[in-house]
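Residues: numbered from 1 along the sequence shown. Computed from a prediction, not measured in an experiment: that's the story for all the values here. Just so you know, these numbers use all the heavy atoms, side chains as well, and skip hydrogens, waters and symmetry mates.
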Amino acid sequence: MTITVGAGWSAVTGAPEVAAPLCAVDRWRAAQDGDTWTITARIVVDGDEPNLRGHFPGLAVYPGIFVVETLSQAVALALPASGPQPPALRVVRSVRFLAPLLDGDELNLDITAMPLGCDVDGPGGGWDVRAVGTRAADGTTTARVRAEYGPDVVSGKWCQSTICHSQAVRQHGGIRAVLPQRHPLLLVDRVVRLDPGGSITTVKAITGTEPCYAGLPDGEREWRYGYPRSLMIESFGQSAALLWLDGHAPSLDDDLVLMFAGARDYVFEGSAYPGDVLRHEVRLESVVADTAFASGETWAGDRRIATVDTLIATRRPVRPVRPVGTSNR
């Protein structure tokens, strides 16, 4: 990663210094007032980026989880670290995605970070982070996020993972028949258990050949190979979509796609690394009209690494209506 400074902004080029699906910040600036930091991060959506080509083929939408990735990378760039590692995402208290970002749109993410109180569990306290994303061209609010960052909660020790050996109820070909995502953003490998309308268990194997590791040089410390938490959220969300859409694959004629709409209290308890197999256990809590609510946990072997109080998905039009006078590139 290379950072150049000019006119109050720092520009970012090259790959991040930790595993990441993409460089999610083009430029950023930060200022400190007492204990409070204000950060602004910007990125222009590039429809040719491989992850976007695989997210919704034929429709370059900046994924909601990449808004979280932009936030995480901005926090890592701007906030002071309490050790060798930058502040890690520990809890997504709430996130709402209000409008899409398409090819050529610029995301402007305004971030406020304050130290967490002394009563916060976990080592070293951390940061209470709030962010509002807007589309730079017209000021439309695209996302609101509240999250907590701080020292990682695990030792970084490698762990051999195991998966459930029961017969899979849906192999990978069946997953591709339901989900629109494609390489490199199709993040469910197999369904190992399915209770239609109730719950699902899926697995996602992490390998050292994942695109998110491509930019890391040889000889990096182990913690830099932690699987991006934004991708863990996406993998869990795709698992929830498989549960909701079981037997109800979306019609190509209704011009709607299933999108991540928000989450509450998404708590990370550990990290995953190459060689681990993520196991998502997802429960469908309710479906209201075209909106579904899910909860669950993510495991790597016998380690629970995340809990999800509420994840929200909704079916939305493929092509959002734009204000008069605006356009893509």
Side-chain angles (χ1 to χ4, degrees), residues 1-31 37-56 59-79 86-89 92 95-113 129-147 149 181 184-185 211-212 214-216 228-234 259-260 262 320 322 326-329:
M1 174 187 290
T2 301
I3 299 175
T4 56
V5 181
W9 289 89
S10 296
V12 181
T13 56
E17 296 177 350
V18 296
L22 78 168
C23 183
V25 175
D26 290 337
R27 55 194 177 121
W28 61 280
R29 62 185 179 189
W37 286 77
T38 56
I39 307 163
T40 302
R42 292 181 174 176
I43 183 171
V44 176
V45 177
D46 179 2
D48 291 329
E49 208 283 327
N51 284 287
L52 270 65
R53 290 202 305 266
H55 184 231
F56 287 121
L59 176 63
V61 177
Y62 196 62
I65 49 100
F66 283 3
V67 176
V68 178
E69 184 67 27
T70 297
L71 174 61
S72 294
Q73 291 186 22
V75 165
L77 287 164
L79 292 183
L89 176 61
V92 178
V95 58
R96 294 180 62 202
F97 301 109
L98 305 171
L101 293 157
L102 304 182
D103 185 18
D105 285 338
E106 183 177 36
L107 168 65
N108 187 86
L109 199 62
D110 291 313
I111 305 161
T112 302
V129 176
R130 305 179 189 221
V132 177
T134 55
R135 186 189 296 137
D138 57 18
T140 297
T141 300
T142 61
R144 295 183 182 275
V145 187
R146 182 181 177 188
Y149 287 79
Q181 288 83 3
L185 214 62
C212 63
L216 289 181
R229 293 180 176 181
S230 58
L231 296 185
M232 282 197 227
I233 297 173
E234 176 68 14
M259 292 185 174
F260 181 24
R322 287 180 166 275
T326 64
S327 64
N328 293 338
R329 287 180 185 166

Open item on the list: So, taking the atom named CG in Leu98 and the one named OG1 in Thr140, what distance separates them when rounded to the nearest 0.5 Å?
Closed with: 10.0 Å
TODO: Calculate, to the nearest 0.5 Å, the distance between atoms CG and CG belonging to Leu52 and Leu185 respectively.
DONE: 8.5 Å
Task: Considering all heavy atoms, the nearest Leu216-Pro16 contact - done: CD2-O, 4.2 Å
TODO: For Ala147 and Leu89, work out which heavy atoms get closest and say how close.
DONE: CB-CD1, 3.9 Å
Task: Residue of the set Val12, Val44, Asp46 for which side-chain contact (heavy atoms from CB on, under 4.5 Å) holds with Asp26 - done: Val44
TODO: Look at atom CZ of Arg53 and say whether more than 12 heavy atoms of other residues, nucleotides or ligands are closer to it than 6.0 Å.
DONE: yes
Open item on the list: Just verifying a value: how many Å separate Arg96 CZ and Arg144 CZ, rounded to the nearest 0.5 Å?
Closed with: 7.5 Å
TODO: Of all the heavy-atom pairs spanning Trp37 and Ala78, show the shortest one and how long it is.
DONE: CZ3-O, 3.7 Å
Open item on the list: Within this structure, what is the CD1-OG1 distance for the pair Ile111 and Thr38, rounded to the nearest 0.5 Å?
Closed with: 9.5 Å
Task: Atom pair CD1/CG of Ile43 and Leu109 - distance to nearest 0.5 Å - done: 10.5 Å
Task: Any side-chain heavy-atom pair of Asn108 and Thr40 under 4.5 Å - done: yes
Task: Minimum-distance pair of heavy atoms, taken over all atoms of Ile39 and Ala30 - done: CG1-CB, 4.1 Å
Open item on the list: Can you confirm whether Ser72 sits close enough to Tyr149 that some side-chain heavy atom of one is under 4.5 Å from a side-chain heavy atom of the other?
Closed with: yes
Task: Distance-minimising heavy-atom pair for Ala76 and Pro87 - done: CA-CD, 4.4 Å
Contacts table for residues 60-71: side-chain donor-acceptor under 3.5 angstrom, sequence neighbours left out:
unit_1 : atom_1 : unit_2 : atom_2 : d
Tyr62  : OH     : Phe66  : O      : 3.4
Tyr62  : OH     : Thr70  : OG1    : 2.8
Glu69  : OE1    : Ser230 : OG     : 2.5
Glu69  : OE2    : Gln73  : NE2    : 2.8
Thr70  : OG1    : Ala24  : O      : 2.9
Thr70  : OG1    : Phe66  : O      : 3.0

Task: Heavy-atom closest pair, residues Ala41 and Ala74 - done: CB-CB, 3.7 Å
Open item on the list: Nearest 0.5 angstrom please: His55 NE2 to Glu49 CD, how far?
Closed with: 12.0 Å
- [ ] If a pair satisfies side chain to side chain donor-acceptor pair (under 3.5 Å) and one of its residues is in residues 6-20, list it, with sequence neighbours excluded.
- [x] none
Open item on the list: If we ignore hydrogens and angles and just use 3.5 Å, is the side chain of Asn51 paired with the main-chain N or O of Pro21 as donor and acceptor?
Closed with: yes
TODO: Just jot down the side chain to side chain contact (heavy atoms under 4.5 Å, CB included) partners of Thr142, sequence neighbours excluded, or say none.
DONE: Ala99, Leu101, Leu107, Arg135
